[in-house]
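Contents: one structure, followed by commentary.
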There are 4 protein chains.
Amino acid sequence: MKNSKPKYKQIIEAAVEVIAENGYHSSQVSKIAKKAGVADGTIYLYFKNKEDILVSLFQDKMGQFIEKIEQETTSRQTAEEKLLTLIQTHFKQLAADHHLAIVTQLELRQSNKELRQKINGVLKRYLNVIDSIIEEGMEEGLFRSGLDLRLVRQMIFGTLDETVTNWVMKDQRYNIEDQAEEVHSLIVHGLTHNR
Amino acid sequence: MKNSKPKYKQIIEAAVEVIAENGYHSSQVSKIAKKAGVADGTIYLYFKNKEDILVSLFQDKMGQFIEKIEQETTSRQTAEEKLLTLIQTHFKQLAADHHLAIVTQLELRQSNKELRQKINGVLKRYLNVIDSIIEEGMEEGLFRSGLDLRLVRQMIFGTLDETVTNWVMKDQRYNIEDQAEEVHSLIVHGLTHNR
Amino acid sequence: MKNSKPKYKQIIEAAVEVIAENGYHSSQVSKIAKKAGVADGTIYLYFKNKEDILVSLFQDKMGQFIEKIEQETTSRQTAEEKLLTLIQTHFKQLAADHHLAIVTQLELRQSNKELRQKINGVLKRYLNVIDSIIEEGMEEGLFRSGLDLRLVRQMIFGTLDETVTNWVMKDQRYNIEDQAEEVHSLIVHGLTHNR
Amino acid sequence: MKNSKPKYKQIIEAAVEVIAENGYHSSQVSKIAKKAGVADGTIYLYFKNKEDILVSLFQDKMGQFIEKIEQETTSRQTAEEKLLTLIQTHFKQLAADHHLAIVTQLELRQSNKELRQKINGVLKRYLNVIDSIIEEGMEEGLFRSGLDLRLVRQMIFGTLDETVTNWVMKDQRYNIEDQAEEVHSLIVHGLTHNR
DNA sequence: CATGAATGAGGGTTCATTCAT
DNA sequence: AATGAATGAACCCTCATTCAT
């Protein structure tokens, strides 16, 4: 009675698994349908086309991802603590879902420009969280005032993304959560001596 | 006198243009051949297969790219100056070749895992340059000792890559070279007050 | 009512016709699909690849061919009669299907070694029928004992095959069934006087 | 001075080797040219096209083959002896040139109908030798009069051809010359008791 | 809602042949 | 005579999407 209901979810979960296991280019709609336990045609009752599966997948998973980060960071006091929490939560969540990590860091990047732009739309919410923390830090006087918001955001996101991608490409063989503090320190203090 | 360029070069230049203009997945071998002014079959006298064009393109262009960076940085005195020069040269070169920027930042990422691994092989040389500068900075006492080389490298590369990608995705509408100093400052000093 | 034939059969029949009319090397999959009245892709729902069409065609047609020969021969009393019936049935069946005759005698021989080996596998069953008749004839005392089974089999099959091939190459302009008795006589009695 | 002369021969010998070693469909003109030690274009100074190489090869080799058979058979007294000699010489020559055996029995059969018809033109001379022996045998009273010349010719040629082909397909692992007498006996006396 | 058989467009690669040198 | 770089036509197969049931 309820098992047959959330076909939508079923299909998205299947897509994550199939893409993580087979790679983006070997993830045919029929393979996803099979893994989801539905007929090929059924996919098209829930998704406009194949790309729509991927966008929905990303929206769905990233929505939760960001929500969690929003939750965890708001409870912190200072911008510095919030930033640390953001990094820790970012790492923790991807470490907790190996399939998702592979899909977001490696496989979904192989999509075309159009799809990547939609993906960027989803990411905007995450970037806004980063922006808020930076602005708060500047207001607090903790961070230098006059920072170029866009550049800082790119530094932070670029650093996290590159860090996670390298970890995934190394088959997630080390514990990435252990590196949150050092990454945080690098971002906050840079390469030079902390006074 | 006019077509005296060796076919190999001709084809690589054509590939950059075709990919930049049409996108990775719409860049058929026949389109590249046409742009290069040669027959389809001629491509295969100079390249093993389509992937080989792309790998060669990347090796060729990145080879020059890195070489230039190596040249420019070695003439600088301190690690800090070298890092600034690296960033400036990185930005300057991509700003000077819009097509190449599109190809490396957006289109070539859509390739499959196998090709991306070959691309990473080429990038290694660039990462080594970064590593040397960091190590030099630590020896000089300019940078904190005890930095995790891999993390720092990932921060620097991730930041530059993300910065350039955003600039390309915004259709290169602003001058990225102007941002080199601020990016450098962020990396060296972090978000907090310098001293 | 009219297209009720299963697609599998439809495609095989189309393949025989197309190959007989156009020759092996001009028989593209798309041509077979068109003749069969299905889309190109449909072919691949029923056959693994192009070669599989040809192997299946041969298995299917030769299966019936040999079955018929087995049926007809078993009802005969002596080995000599069985051999005559085998020759008659062999000729009769190919005479009844001109397209098939062209395909088996001329076109399928142009296939590569791999395919020809699979074809030989199918032929084994026919060769076994011949062997049985020879052995029976020797046991009956009708044929010389001590005959080299392999050589005799090769003589019989080689003679029939060459006879049919010549008839096909002469555009099947004479009645090959009329020659069954004389061929039989040659095989059984050789060139010399029958006592 | 003389080494460079018979390019024509050089190319034909190269073709036999290349085809025997690589198979018909993997024997590109460039491969033959390389083995012959000439440039690709040079081939076309001596042969009209690729097919012409193969026809010439067959004419050349079969010319010698048949010549030898003509020589050996004429010196024999009776038709029966001549037939035995024909079989022995046929087997002996192919046994002496493994490459040629592979090419004529297996590889050249993969050619298209047109080429095979030209090949048959060359074989006519061989078939004439067979015909003469049969006619002689009938005149001598050794063979039954009233034999259908074409059928007998097909039986003899079909038997020899099938015998040799089987031997080649079994990688020439046994001595085919040893079987000449038994094959001869089968043809002359058939399956039944020799009186 | 669900199915799954059928569709058909699209592209990398080989290789016989040519021809300027 | 000889070269070999250049040509360009030709084809099998995959897979996202549809639609009759």
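Reminder, nothing fancy here: chain letters follow the sequence lines and each chain counts from 1.
When the nearest nucleotides of DNA chain E are assigned to S30(B) and A39(C) by heavy-atom distance, the more 5′-ward of the two goes with A39(C). Nearer the 5' end of DNA chain F, as judged by each residue's closest nucleotide, is the contact made by I43(D), out of I43(D) and S27(C). Each of G41(C) and V29(B) was assigned the nucleotide of DNA chain E with the nearest heavy atom; the assignment lying further toward the 5' end belongs to G41(C).
The side chain of K50(A) lies closest to dA16(F), out of dC13(F), dA16(F), dA2(E). Among dC11(F), dT7(E), dA6(E), the nucleotide with an atom closest to any side-chain atom of V38(C) is dT7(E). For Y46(C), the side-chain atoms get nearest to dA6(E) when compared with the rest of dA6(E), dC1(E), dT17(F). Out of dA5(F), dT17(F), dG8(F), the shortest distance to the side chain of D40(A) is found at dT17(F).
Atom-to-atom, CD1 of I32(D) to P of dC15(E) comes out at 12 Å; the value is rounded to the nearest Å. Rounded to whole angstrom, the span from the NZ atom of K48(C) across to the C1' atom of dC13(F) amounts to 14 Å. Computed from coordinates, the D52(A) CG to dA16(F) P distance equals 14 Å when rounded to whole Å. As rounded to whole Å, 9 Å separates atom C1' of dT3(E) from atom CG of L45(A). Nucleotide dA16(F) holds its P atom 9 Å from the CD1 atom of I53(A), rounded to whole Å. Residue Y24(D) contributes atom OH, which lies 12 Å from atom C1' of dA16(E) at whole-angstrom precision. Nucleotide dA16(F) holds its P atom 13 Å from the CG atom of N112(A), rounded to whole Å. Atoms CG (N22(B)) and P (dG11(E)) sit 11 Å apart, rounded to a whole Å.
Nucleic acid contact for F47(A): none, since no nucleic acid atom lies under 4.0 Å from a heavy atom of the residue.
Q110(C) and E107(C) share a side-chain donor-acceptor pair at under 3.5 Å.
Within the 4.0 Å cut-off from OP1 or OP2 of dA6(E), not a single side-chain nitrogen or oxygen of T42(C) is found. An OP1 or OP2 oxygen of dC15(F) is reached within less than 4.0 angstrom by no side-chain nitrogen or oxygen of K31(A). Proximity of Y44(B) to the phosphate of dT7(F): no side-chain N or O atom is located under 4.0 Å from OP1 or OP2. Phosphate proximity of dA6(F) to K7(B): present, with a side-chain N or O under 4.0 Å from OP1 or OP2.
Pairing for dA6(F) is with dT17(E), a Watson-Crick or G-U wobble pair whose two hydrogen-bonding atom distances lie under 3.5 Å. The partner of dA1(F) is absent, by the rule that a Watson-Crick or G-U pair needs both atom distances under 3.5 Å.
The residue from E114(B), K118(B), K50(B), K48(B) that alone fulfils the side chain to side chain contact (heavy atoms under 4.5 Å, CB included) condition with V55(B) is K118(B).
One distance of note links CD1 of I43(A) with CG of N49(A); it measures 11.5 Å at 0.5 Å rounding. We find the CD1-NZ distance between I11(D) and K35(D) to be 14.5 Å, quoted to the nearest 0.5 Å.
Taking the six-membered ring for Trp and thresholds of 30 and 60 degrees, F47(A) and Y8(A) have nearly parallel ring planes, at less than 30 degrees apart.
The backbone N or O of G23(A) sits nowhere less than 3.5 Å from a side-chain atom of S26(A) that would complete a donor-acceptor pair.
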